Amino acid sequence: MSDILSIRNLSKTFSVEGRPLPVLENINLTVAEGEFVAVVGHSGCGKSTLLKIIAGLETADPGGAVFLHGREITAPGPDRGMIFQEHRLMPWLTVEKNVTLGLWDKSRRERARLADEYLKLVKLEGFKKAYPGQLSGGMSQRAAIARALATNPQTLLLDEPFGALDALTKIEMQREIMKIHNGKKTTMIIVTHDIEEAVFLAHRIVVMSNRPGRIRDIVTVELPENRSRGSADFGWYKKKVYDYFFEPEEDTAPEFAL
Ligand SMILES: Nc1ncnc2c1ncn2[C@@H]1O[C@H](COP(=O)(O)OP(=O)(O)OP(=O)(O)O)[C@@H](O)[C@H]1O
Ligand SMILES: [Mg+2]
């Protein structure tokens with residue numbers, strides 16, 4: 001696998017009420033073409049900021065940069081799709097129009113075909129003509145996922161895409177994303193709070209420190225593509241990542257009187 005994305009010496013400091021707020025500190029990471037990378041860390045450690053910089057929606061501090069195929073990222077582009085933490089659908093457009101928003105270069109027929117394909121994938125085929133205000137939170141997020149997938153980007157940036165979904169839909173969507181990844185070999189970077197999700201999806205898990213976010217460690221998940229959540233190996237990786245964030249839990253096994 002050749003490298004597609006290279007993050008070099010990336011730091012980011014915001015200014016809040018006239019004071020500097022360091023959010024990311026010296027991030028260095030290379031992502032291979034077709035790789036699935038998960039980023040986990042506490043709230044506020046800069047995960048969304050990192051994805052926004054890769055998307056070209058936010059700039060890095062001078063001295064740091066992100067390169068895509070060796071070219072420095074300075075703006076958003078159709079080569080990178082992003083699914084945001086919140087759905088960001090246009091409330092005045094139907095679900096179908098929202099999903100085909102990025103497909104302006106395609107014919108009407110092709111747009112309709114892609115809308116059908118991806119709305120079916122996220123199980124919203126009956127809601128093409130609905131408006132976002134008529135959908136539940138989880139349905140809106142599924143529409144946003146369809147919109148990001150429909151443009152078939154080379155790299156997909158996912159910012160807690162399943163956080164608003166119920167537990168069962170979340171598992172279904174994780175499996176669908178995995179199928180898409182395996183089929184299309186899209187490079188994917190997912191930010192998540194959910195350690196199980198990270199172990200289920202990722203080849204490597206980037207563990208971040210608290211703000212300012214630094215890379216504490218990178219865990220390589222050596223599990224087969226079809227992962228079983230119940231397997232001992234799966235549990236081993238989950239525990240390994242949990243242990244970066246939490247003290248070992250006390251042994252609560254009941255004591256038996258002799
Ligand atoms: N545009 C901005 N201006 C000023 N501060 C910002 C801006 N965007 C983010 N921040 C601050 O940067 C820090 C990191 O924010 P970010 O959204 O990247 O965190 P996160 O790791 O994604 O958190 P969460 O898990 O809660 O989504 C926060 O303290 C936030 O207040
Ligand atoms: Mg965030």
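The first residue of the sequence shown is numbered 1, and numbering continues consecutively from there. Predicted, not measured: the structure shown is a model, and the values here were computed from it. Counting convention: from 1, in listed order, for ligands and their atoms alike.
- Residue contact annotation: Lys52 has no non-hydrogen atom under 4.0 Å from ligand 1.
- Nearest-residue assignment for atom 23 (O) of ligand 1 (options Gly41, Pro22, Gly44; heavy-atom criterion): Gly44.
- Remark: the Asp61 side chain and the Ser11 side chain contain no N/O donor-acceptor pair separated by less than 3.5 Å.
- The shortest heavy-atom distance from Glu160 to ligand 1 is under 4.0 Å.
- If you number the atoms of ligand 1 from 1 as listed, the ones under 4.0 Å from a heavy atom of His193 come out as 25 (O).
- The aromatic rings of Phe245 and His42 sit perpendicular, their planes meeting at an angle over 60°, well past the 30° parallel limit.
- Between Lys128 and Asp116 a salt bridge is recorded (basic side-chain N to carboxylate O distance below 4.0 Å).
- Closest heavy-atom approach to atom 21 (O) of ligand 1 within the set Glu17, Lys12, Lys47, Glu58: this belongs to Lys47.
- For the Mg ion (ligand 2), the neighbouring protein N/O/S atoms at less than 2.8 Å, given as residue and atom, are Ser48 OG, Gln85 OE1.
- Taking atom 16 (P) of ligand 1 as the reference point, the nearest protein heavy-atom neighbour is Thr49 OG1, 3.6 Å.
- Both the sub-6.0 Å distance and the 45° axial angle are not jointly satisfied by Lys240 relative to the ring of Tyr244.
- In this structure, a donor-acceptor pair under 3.5 Å is present between the side chains of Ser6 and Arg8.
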Hey, can you pull the donor-acceptor pairs under 3.5 Å for the side chains in residues 81-95, sequence neighbours left out?
unit_1	atom_1	unit_2	atom_2	d
Gln85	OE1	Ser48	OG	3.0
Gln85	NE2	Glu160	OE2	3.2
Glu86	OE2	Arg88	NE	2.6
Glu86	OE2	Arg88	NH2	2.9
His87	ND1	Leu89	N	3.0
Thr94	OG1	Lys97	N	3.1

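- Checked by distance only, ligand 1 and Val16 stay at 3.5 Å or farther apart across all their nitrogen or oxygen atoms.
- Counting heavy atoms under 4.0 Å from ligand 1, residue Val23 touches it through the side chain alone.
- Residues passing the side-chain contact (heavy atoms from CB on, under 4.5 Å) test with Tyr242, sequence neighbours excluded: Ile195, Lys238, Phe246.
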Side-chain donor-acceptor distances from residues 49-58 under 3.5 Å, at least two apart:
none

